[in-house]
2 protein chains.
Amino acid sequence: MAQKTTIEDVARIAGVSIATVSRALGKPDVVSRDTRDKVTAAIEQTGYTANAMARNLRRQKTRMIVVLVPNIGNPFFSEILAGIEEVATANGYNILIGNTDNDPVRENNFANFVQGNQADGLLLLNGRAPDGNGRAVKLPPLVVLCERIPDSELPTVRIDNDLAAQDAIRHLIELGHRRIAQIAGPPVNILTVDRSRGAARTLQAAGLDADVVVNGDFSIASGAAAMRELLRRTEHPTAVFCSNDEMAMGAIQEIKAAGLTVPGDISVIGFDDLTFAEVYDPSLTTVHQPRRLIGETAMGVLVDILAGKPAPTEPIVLGAELRVRASTGPAPV
Amino acid sequence: MAQKTTIEDVARIAGVSIATVSRALGKPDVVSRDTRDKVTAAIEQTGYTANAMARNLRRQKTRMIVVLVPNIGNPFFSEILAGIEEVATANGYNILIGNTDNDPVRENNFANFVQGNQADGLLLLNGRAPDGNGRAVKLPPLVVLCERIPDSELPTVRIDNDLAAQDAIRHLIELGHRRIAQIAGPPVNILTVDRSRGAARTLQAAGLDADVVVNGDFSIASGAAAMRELLRRTEHPTAVFCSNDEMAMGAIQEIKAAGLTVPGDISVIGFDDLTFAEVYDPSLTTVHQPRRLIGETAMGVLVDILAGKPAPTEPIVLGAELRVRASTGPAPV
DNA sequence: CTGAAAGCGCTTACAG
DNA sequence: CTGAAAGCGCTTACAG
């Protein structure tokens, strides 16, 4: 790679000091028209671009945001990321995406980016605040998305999972279902805990059995496996509430494989409203999460915090709504 | 935020020079055991993390890679990104994802990151090399993924789209289909050009009409619209080759809506093999792109280039294979 | 094995 | 309006 042009080169060619070049770039109105033209010409000639590292080191900030995602291969995150990215760019920030695989070590490595002044703030999609690998850490400016970190007061943007689950169950009850099962996520997952709690409460309020729960791991395959287990029971449920869309698709696959129909024999509800939920066959009744908006909002909050505004003390709860489509129908008689 | 700990603080507490602290961190074996312990203790006490910007400025590199993606909301990219990320991390690089929305201005902004020494290299998923907004640029170390940039010799990792399309069409012909249509992408898109060319050539070789092509924009909706148009013709095709999975799903949706069946009346082939292709109903026959491998390979090539090895002069072509599933079947009699 | 010093490429008070 | 100089926090020859 050819030697990079520095501010020094530009200054020499323009016949001015480096301070003047810097000013011509940063606050042009402070520089005389004549000088400015010389500098512009020199920049043009050399193709100079300021070294951002040097600038940042001097300015003590980076305009960079680290986004921690447990699994970037999961389509649930991509639209949230797009929302984050949009607001970030609009405010002159760039985003750095860190794939953590739920590995605390990797999470801390990325968080160190912020500690190491490589980034100004953190966006957490992984449901866990960095703990400094056991070493004490002062948390950098951050916002938590989607997840809820218990016993913390970190700024948070999310939906009300409990409430959304209640809506879903109510929909099934209104359709006449009495035997309603759940395919939930891993029991340690706070999202699933909230969703199951909301579902259970609504079932109990209606005098129905709330204990038919099989746990999966959010994957399509685990949804299928869970459904298989439910079908083994002599009196299988007539409706299933799944903690995400992938598991719902796996469940539907399995129901069809068993020679039953959706929603004729069994109704299925998902959660998230992925892009593919609507084109699935049957198109999936599911809880719509405003994913893009979640990303936009969270990034907006972080921008405010970085601008010195006080962080919101209450979680920002965005609306989620049940999208009724073709995978749910009246309970079979 | 409290004042950050610097190397100076650590040095003072440990009672050594900053040079020694730096060495204790970077090449511990050069430092005496005794001194090393003192430094370690001071670091422990202060929670010191080196300022990466200062280090990078000094070292003149960043260990950061910029990945340009046209649309991060598209699930096609997420698995490629996961592959990139994995190899990057394994080699001590971090990745910065830039969402370009196919906007050349944004592409150049991100590319400037590399010019501005904020990143060491570039990974291009957007099918276009930065042009410096008209200003001359010397391209940074980069690798092109999936796409093919005509008239350039940039290092490239991709599949053979032409060949893959041939396989797909051959599969349909073997099933007895004679009226085979294409739902292609935007005519300017090089991917679609290659795929259409391969398809057309195979059709012609079999003495079939290769001119039944409707263009979409890779979205589900455009696939549906294209299919609607094909169905309007009195003699609609018995098989459709789509340039990606989303359009294939849109097409299938439309076929079902018209009261026809897949593959009973019309067979449909997609391209890419997204995660959801397999659970779609009918599960989609499609061309499998080894997306994770593409990401891993490209990042590997970039690591080599950054390590000073010569860039590959020939494109690296990875195998794509037709996954025959339930959306294709014998031509109706 | 260790320290003093130069220098990475900028920005920004401070003088003039 | 402009320049000389300090300094951001490191790393790394160079001496000792």
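Sequence lines set the chain letters: A, B, ... in the order given, protein chains first and strands last, and positions in each chain run from 1. As the structure is a prediction and not an experimental result, all values here were calculated from the model.
Taking atom CG of residue D29(B) and atom C1' of nucleotide dT2(C), one finds them 15 Å apart after rounding to whole Å. Summarising the geometry, the separation between CG on D9(B) and P on dG9(D) is reported as 9 Å, rounded to the nearest angstrom. Between the CE atom of M53(B) and the P atom of dC10(D) there is a distance of 10 Å, rounded to whole Å. Following rounding to the nearest Å, N56(A) (CG) and dC8(C) (P) show an atom-to-atom distance of 18 Å. Rounded to whole Å, atom P of dC1(D) lies 14 Å from atom CG of D37(A).
Every residue meeting the side-chain contact (heavy atoms from CB on, under 4.5 Å) condition with D217(A), not counting sequence neighbours, appears here in chain and number order: S219(A), S222(A). With sequence neighbours left out, N91(A) forms a side-chain contact (heavy atoms from CB on, under 4.5 Å) with V87(A), Y93(A), V303(A). Legend: residues meeting salt bridge (Lys or Arg N to Asp or Glu O under 4.0 Å) with K27(A), ordered by chain and number and at least two apart, are absent. With sequence neighbours left out, R128(A) forms a salt bridge (Lys or Arg N to Asp or Glu O under 4.0 Å) with E107(A).
Looking only at distances, a side-chain donor or acceptor of T46(A) sits under 3.5 Å from a matching main-chain atom of A42(A). Formation of a donor-acceptor pair under 3.5 Å by the T35(A) side chain with backbone atoms of V31(A) is not found in this model.
Take the nearest nucleotide of DNA chain C for V31(B) and for L57(B): the residue whose nucleotide is more 5' is V31(B).
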Reading nucleotides 11-16 of chain D from the 5' end, what letters show protein touch, with B for base, S for backbone sugar-phosphate only, - for no heavy atom under 4.0 Å? BBB---

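Residue pairs that meet the side chain to side chain donor-acceptor pair (under 3.5 Å) test with at least one member in residues 141-154 of chain A, sequence neighbours left out, are R148(A)-D194(A). For residues 71-93 of chain B, every residue pair satisfying the salt bridge (Lys or Arg N to Asp or Glu O under 4.0 Å) rule, not counting sequence neighbours, is listed here: R106(A)-E85(B), E79(B)-R291(B), E86(B)-R292(B). Applying the salt bridge (Lys or Arg N to Asp or Glu O under 4.0 Å) rule to pairs touching residues 63-78 of chain B yields nothing, sequence neighbours excluded.
Contact between the side-chain N/O atoms of Q60(B) and the OP1/OP2 oxygens of dG7(C) is not found at any separation under 4.0 Å. Phosphate contact (OP1/OP2 of dT2(D), side-chain N/O of S32(A), threshold under 4.0 Å): present.
Consecutive Watson-Crick or G-U pairing (both distances under 3.5 Å) extending over three or more pairs maps onto DNA chain D as C:1-3 with D:14-16, C:5-12 with D:5-12, C:14-16 with D:1-3.
Separation of the P atoms belonging to dT2(C) and dA6(C) is 23 Å when rounded to the nearest angstrom. The gap from the C1' atom of dT12(C) to that of dG16(C) amounts to 16 Å, rounded to the nearest Å.
In this structure, of dG3(C), dC1(C), dG3(D), it is dG3(C) that holds the atom nearest to the side chain of S17(B).
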